[in-house]
Amino acid sequence: MRLLKGKGIAVIFDKENINTLTEQGEMMLTLMGTLAQNEVESTSKNVKLGIKMKMKRGELMGFNGCLRITVPFFIVGASESCI
């Protein structure tokens, strides 16, 4: 954005009514970027906490379907809920 501003090129966001060539527009864009970054960090922390809690409870993560591979005389990887 600053490279474009340095060349006198405006980026205008119609929906938010932001023009990057104005001081107010630059401040709004910086503020929105800061809020978005904060939201990303908060979501990341919540996901990591959720994963830790699932690991403590011994729950599976990711694919929760049944995997069953049959080999003559053996059944490999079947959970009790699948049998």
Side-chain angles (χ1 to χ4, degrees):
M1 291 290 183
R2 296 193 185 204
L3 291 174
L4 293 173
K5 185 177 180 180
K7 295 183 180 192
I9 300 171
V11 177
I12 300 172
F13 298 90
D14 287 332
K15 184 178 175 186
E16 292 82 10
N17 195 23
I18 296 174
N19 180 349
T20 58
L21 287 182
T22 66
E23 297 277 329
Q24 183 181 6
E26 190 172 346
M27 182 188 71
M28 287 297 294
L29 194 60
T30 302
L31 181 62
M32 291 174 73
T34 302
L35 293 173
Q37 181 65 33
N38 188 30
E39 188 65 28
V40 167
E41 290 172 5
S42 175
T43 301
S44 177
K45 287 178 186 177
N46 290 339
V47 168
K48 288 177 183 177
L49 180 62
I51 289 171
K52 285 181 182 180
M53 291 170 68
K54 280 186 133 187
M55 289 174 70
K56 282 184 180 179
R57 291 191 304 254
E59 293 182 29
L60 292 176
M61 291 177 285
F63 181 74
N64 289 329
C66 299
L67 296 176
R68 186 173 182 155
I69 302 170
T70 56
V71 180
F73 308 110
F74 296 101
I75 298 177
V76 181
S79 66
E80 290 192 22
S81 63
C82 297
I83 297 176

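What you see below is based on every heavy atom in this structure, not just the backbone, and it leaves out hydrogens, waters and symmetry mates.
- The heavy-atom pair separating Leu21 from Gly8 by the smallest distance is CD1-O, 3.9 Å.
- Atoms CE and CD, from Met27 and Glu23 in turn, are 9.5 Å apart once rounded to the nearest 0.5 Å.
- The two residues Thr22 and Asn19 come nearest to each other via the heavy atoms OG1-O, 2.9 Å.
- Pairing each heavy atom of Leu4 with each of Val11, the nearest pair is CD1-CG2, 3.7 Å.
- Under the rule for a side chain to side chain contact (heavy atoms under 4.5 Å, CB included), the partners of Met32 that lie at least two apart in sequence or sit in another chain are Glu16, Ile18.
- Applying the salt bridge (charged side-chain N to carboxylate O under 4.0 Å, His left out) test to Glu59 and every residue at least two apart in sequence or in another chain returns Arg57.
- Atom CG of Asn17 has 12 or fewer heavy atoms from other residues, nucleotides or ligands within 6.0 Å.
- Distance check, rounded to the nearest 0.5 Å: CD1 of Ile51 to CG of Asn46 gives 11.0 Å.
- Listed for the Thr30 side chain is a donor-acceptor partner under 3.5 Å among the backbone atoms of Glu26.
- The local environment of CD in Glu41 is crowded, with over 12 non-hydrogen atoms from other residues, nucleotides or ligands closer than 6.0 Å.
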